[in-house]
Amino acid sequence: MSDAPPGNPADRDPLHPGTSGIWTFLFIDMAVFGLLFLVYLSERNRLPEVYRLGQAQLTPLAGLAGTLLLLTSSWAVASAIHALRADQRKAATFRLTLGIVLGLGFVANKLWEYHLKIEHGIGPLSSGFFTFYFLITGLHLVHLTVGLGLIAKCRQRLAAEAGELSFQKLLENVGLFWHFVDILWLFIFPMLYLAGAR
Amino acid sequence: MEESSKLAVNRWLAWTGPAFVVFATLTWGVMGHNIPPPNMMAMTGEQLVSEYYGKYPSIAPGMVASASVGYFYATWSALLASLLRDENGHLSALSLIELAGGLLTGWLFALCGMMWATCAVLVHQVDPGIIKALHTMTWFIFDCTYGMTTIQMVALGLYTVLNKKQTMFPAWAGWTTIAIGLGFIPLVIMPFVTDGPFTVPGLWNFWIVFGAWLLLFFGVYNYYVLKHVYLSAEDQKKAAGLKA
């Protein structure tokens, strides 16, 4: 099945970023997260005080650090794709490595935040807000971990497959997924940490 | 079996999908007063008896009937599995996972229906606390074993997305199915909350999860399965991406 040529001609166009499959997946994943965000907002509207108290127990600086780490990681992966297109393999490898390191930084930051919460006796069942906090950030973390694994796999294969269109498409797909993870966080951070917290 | 008989059998089986939707809605949903179900985690046993089981005499027959309807889901899932073949006509692990998930989901629907029927029949004979315990346990089983349905949906979605030779189902339907299957995960929060979107009748765990499952997974695949089985045998082979 995996050896079959892609059905959409745009999938073989080097100027068309990624393949149709990843765009479809991202659209649907975005819709799922969008629904989750809407449910969160409706609950926050229903119980403003519970959510305000929950938000006050978060550390916005940790969220900001995560944002900067993820944005920089996304930039590194995007510039790795540009380097690959220009056949600069060493630069592409370095930038992918940088993307992974920064992504791991985000993971460490998030785990540290979870640790602080659990240490203070706060868990997913502490309040409606924290159910959403752990669910949304947990699902985002799962996406991020998958993305890191995919970037690591691409980095490993880069030296041998850099000249092939299929590899370029693969890396573009991974890059699009990584941007999506980044964009999700740009919604999650203000929604959970900032809006209505003070 | 002759080709015409095979086509006829598949067409009958394809209609067990829509039949499941209609009869499950009528029996489990309308007669069982489950649109939405009561939030038992926020109710005492006495409240569950007076406001639900003791109030609606249609629950017992509705649940017994829904148990029979559950098997329609199994037959539809079996037909679907038979369509998920590789280019040589062989079933794959994904087909078998889809089948296993569909059978288990059908069985779960039937089993839980009978457990709720037990509560409805015994409502005035046993302690309300026992009614609540059995009712709650049944909902825990029904919701928290979502993994059976999720594996069915993910396997079906992966087949749809990865088998680029088949034209029975569009890729978007495959991705949507995977996303909805994974969207069941918050069901595990249900045993621990008494209020909000993750309770049994909550916005996420009932309206969004069941709504998306019914309309965007079951509705969509029902449509494409029905469309497929009414093609000629030759066109069905082409649509399934089978070698001539």
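Each chain gets a letter, A, B and so on, in the order its sequence line appears, and its residues count up from 1.
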Tell me if the [atom1] atom of [X] is crowded by more than 12 foreign heavy atoms within 6.0 Å.
X         : atom1 : value
Tyr230(B) : OH    : yes
Phe187(A) : CZ    : no
Phe167(A) : CZ    : yes

Checking side chain to side chain contact (heavy atoms under 4.5 Å, CB included) for the pair Phe192(B)/Thr131(A): CA distance, chi angles, key distance, verdict?
CA-CA 10 Å; Phe192(B) 308 104; Thr131(A) 304; over 6 Å; no

Applying a strict 4.5 Å limit to non-hydrogen atoms, the region of Leu125(A) in contact with chain B is side chain

Okay, Ser20(A) and chain B: the region with an atom under 4.5 Å from a heavy atom over there is neither

Filtered by a 4.5 Å non-hydrogen cutoff, the part of residues 172-190 of chain B contacting chain A is Trp172(B), Trp175(B), Thr176(B), Ala179(B), Pro186(B), Ile189(B)

Do [X] and [Y] come within less than 4.5 Å of each other through their side chains, counting heavy atoms only?
X         : Y         : result
Phe132(A) : Pro197(B) : yes
Leu135(A) : Phe198(B) : yes
Phe25(A)  : Val161(B) : no

- For Leu47(A) and Asp195(B), what are the C-alpha separation, side-chain angles and deciding distance, and is it a side chain to side chain contact (heavy atoms under 4.5 Å, CB included)? CA-CA 11 Å; Leu47(A) 303 164; Asp195(B) 179 40; 4.2 Å; yes

What one should report as the nearest heavy-atom pair of Gly196(B) and Glu43(A) is CA-OE1, 3.8 Å

